[in-house]
> 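Dropping a structure here in structure tokens format, bear with me for questions.
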Amino acid sequence: MSFAERVYLACARIPKGRVSTYGEIARALGCRAYRAVGNALNKNPFSPEVPCHRVVKADGSLGGFARGARKKKESLEREGIKIKNGTIEDFEKVFFRL
DNA sequence: CTAATGACATTTG
DNA sequence: ACAAATGCCATTA
């Protein structure tokens with residue numbers, strides 16, 4: 001089981017309509033490799049299977065997205081997450097602590 | 001094995 | 001508040 005695999009599993013735990021951060025994912029895995037988490041999600045071999053779009057930066061901004069940040073924003077809004085000028089509103093509310 | 005690279009995070013200027 | 005500099009950790013070349 002590689003690090004990336006664990007990342008995907010953790011990601012899959014995030015409920016619809018909530019978001020989490022790269023750092024939080026790393027913390028849930030028992031380390032602080034938030035950079036590595038980003039790399040794992042970027043590869044993302046399980047594209048629609050694992051909801052990688054629910055993972056954002058710690059400051060509430062969306063961060064990057066392999067298929068374009070635009071798409072990511074739309075996906076999140078579709079799940080009921082409001083975004084204001086590239087930043088998530090009520091970030092503290094929708095934040096999902098693993 | 002060493003070096004380079006990020007969908008990051010925090011601190012400083 | 002914003003931009004730049006540092007630190008971070010696993011992966012990959």
Side-chain angles (χ1 to χ4, degrees):
Chain A
M1 178 71 102
S2 62
F3 178 83
E5 294 279 317
R6 296 194 296 271
V7 171
Y8 305 136
L9 292 180
C11 221
R13 298 218 279 285
I14 305 176
K16 181 176 86 129
R18 311 297 281 295
V19 297
S20 188
T21 68
Y22 298 94
E24 187 57 30
I25 298 274
R27 195 189 59 75
L29 298 181
C31 61
R32 284 141 205 81
Y34 29 76
R35 302 288 277 285
V37 171
N39 268 324
L41 289 181
N42 179 21
K43 291 162 186 167
N44 191 19
F46 308 87
S47 66
E49 273 225 57
V50 82
C52 45
H53 57 273
R54 293 181 193 151
V55 185
V56 298
K57 298 215 317 188
D59 60 0
S61 54
L62 297 187
F65 199 54
R67 310 236 183 111
R70 253 260 341 251
K71 271 273 189 185
K72 181 167 183 176
K73 179 182 166 203
E74 291 178 12
S75 299
L76 288 175
E77 288 190 313
R78 191 181 337 151
E79 296 188 352
I81 297 174
K82 298 179 179 104
I83 298 178
K84 170 84 174 216
N85 197 345
T87 16
I88 295 182
E89 291 223 303
D90 307 318
F91 177 60
E92 315 264 323
K93 293 185 175 185
V94 296
F95 177 80
F96 179 70
R97 187 173 282 252
L98 292 170

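Convention: sequence-line order gives letters A, B, ...; per-chain numbering from 1. Here the structure is a predicted model, which is why all the values come from computation and not from measurement.
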> Could you say whether A:Tyr34 or A:Asn39 is positioned toward the 5' end of DNA chain C, judged by the nucleotide with the nearest heavy atom to each?
A:Tyr34
> Whole-Å distance between B:dG6 C1' and A:Phe3 CZ?
13 Å
> Between A:Asn42 (CG) and C:dT12 (P), how many Å, whole number?
11 Å
> Give A:Phe65 one of three labels, base, sugar-phosphate or nothing, depending on what nucleic acid heavy atoms sit under 4.0 Å from its own.
base
> Among B:dA7, B:dA9, C:dA10, which nucleotide sits nearest the side chain of A:Leu41?
B:dA7
> Please determine if a side-chain N or O atom of A:Lys43 lies less than 4.0 Å away from the OP1 or OP2 oxygen of B:dA7.
no
> When the distance from CD of A:Glu24 to C1' of B:dA7 is rounded to whole Å, what number comes out?
17 Å
> Between C:dG7 and A:Arg35, counting only base atoms on the nucleotide and side-chain atoms on the residue, is there a donor-acceptor pair under 3.5 Å?
yes
> Which nucleotide wins on minimum distance to the side chain of A:Ala66, given the candidates C:dC9, B:dA9, B:dA7?
B:dA7
> In whole angstrom, what separates A:Asp59's CG from C:dC2's P?
11 Å
> Check for a donor-acceptor pair, side chain of A:Lys73 on one end and backbone N or O of A:Ile83 on the other, with a separation under 3.5 Å.
no
> For a 4.5 angstrom cut-off between non-hydrogen side-chain atoms, does A:Leu41 reach A:Tyr8?
yes
> Rounded to whole Å, please give me the gap between OH in A:Tyr8 and P in B:dA7.
13 Å
> Determine the contact category for A:Ala36: base if any of its heavy atoms lies under 4.0 Å from a base atom, sugar-phosphate if only primed atoms, P, OP1 or OP2 are that close, otherwise nothing.
base
> Figure out the CZ/C1' separation between A:Arg54 and B:dA7, and round it to whole Å.
16 Å
> For A:Glu74, give me all partners under salt bridge (Lys or Arg N to Asp or Glu O under 4.0 Å), at least two apart in sequence or on another chain.
A:Arg70
> Hydrophobic clustering (ILVMFWY, side-chain heavy atoms < 4.5 Å, transitive) - are A:Val50 and A:Val37 grouped together?
yes
> In whole angstrom, give the distance that lies between atom CE of A:Met1 and atom P of C:dT11.
13 Å
> Can you measure A:Arg32 atom CZ to C:dC9 atom C1' for me and round it to whole angstrom units?
11 Å
> Enter the distance from A:Arg13:CZ to A:Ile25:CD1 here, rounded to the nearest 0.5 Å.
8.0 Å
